[in-house]
Novice: 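Pasting a structure here, questions to come.
Everything numeric here is computed off the predicted structure, so don't read it as measured data.
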Amino acid sequence: MATPLTYERYTGNWQGSSCGWLLTKQTLPLSIKGLPKTLPKLRNFYVIGQWVEPGGSVPVVAMSGRNIIQQICREDKHPFRSIAP
């Protein structure tokens with residue numbers, strides 16, 4: 001069982017925070033513009049998760065993954081299709 005102390009010890013998150021970014025005046029524009037999801041000179045590598053999307057939580061992480069799949073489809077010139085459960 002992971003506790004807030006476990007999160008803090010293994011991730012360094014202050015007080016075991018499960019969210020990566022606090023929304024502030026400085027970070028709010030990042031939620032619109034976004035953060036880079038790739039690294040220079042590293043092909044076919046994409047970063048997703050709570051540390052590349054302001055806010056946090058499971059829905060934001062899921063959205064991060066979906067956005068990367070859309071980007072990959074666009075880069076590979078494939079249509080992006082989703083199916084609602």
Side-chain angles (χ1 to χ4, degrees):
M1 172 61 65
T3 67
L5 185 57
T6 306
Y7 282 109
E8 186 169 359
R9 182 177 3 179
Y10 288 101
T11 67
N13 292 1
W14 182 68
Q15 293 186 348
S17 169
S18 62
C19 296
W21 294 78
L22 176 64
L23 289 177
T24 65
K25 289 181 195 175
Q26 291 80 23
T27 61
L28 188 57
L30 294 174
S31 66
I32 297 165
K33 187 174 107 176
L35 294 167
K37 308 293 191 296
T38 58
L39 294 174
K41 300 180 183 178
L42 192 55
R43 292 181 26 199
N44 299 321
F45 178 82
Y46 301 89
V47 181
I48 65 167
Q50 69 179 10
W51 299 110
V52 294
E53 303 290 348
S57 74
V58 173
V60 170
V61 172
M63 178 197 68
S64 179
R66 179 187 169 105
N67 290 346
I68 287 297
I69 295 299
Q70 287 177 323
Q71 180 178 333
I72 292 169
C73 287
R74 194 169 37 254
E75 290 170 1
D76 291 346
K77 296 179 176 42
H78 291 287
F80 173 79
R81 294 185 211 120
S82 65
I83 299 171

Novice: With sequence neighbours excluded, tell me which residues meet side-chain contact (heavy atoms from CB on, under 4.5 Å) with N44.
Specialist: none
Novice: Would you indicate whether the side-chain heavy atoms of C73 and R81 approach each other to under 4.5 Å?
Specialist: no
Novice: Which residues pass the side-chain contact (heavy atoms from CB on, under 4.5 Å) test with I68, sequence neighbours left out?
Specialist: K37, Y46, I48, Q71, I72
Novice: Which heavy-atom pair separates L39 from F45 by the least distance, and what is that distance?
Specialist: CD1-CE2, 3.6 Å
Novice: Quick check: closest heavy atoms across G49 and S64, and the distance to 0.1 Å?
Specialist: N-OG, 3.1 Å
Novice: Compare all side-chain heavy atoms of N67 with those of Q70 and state whether any distance is below 4.5 angstrom.
Specialist: yes
Novice: Could you tell me which residues satisfy side-chain contact (heavy atoms from CB on, under 4.5 Å) with T6, sequence neighbours excluded, listed by chain and number?
Specialist: A2, T3, R9, Y10
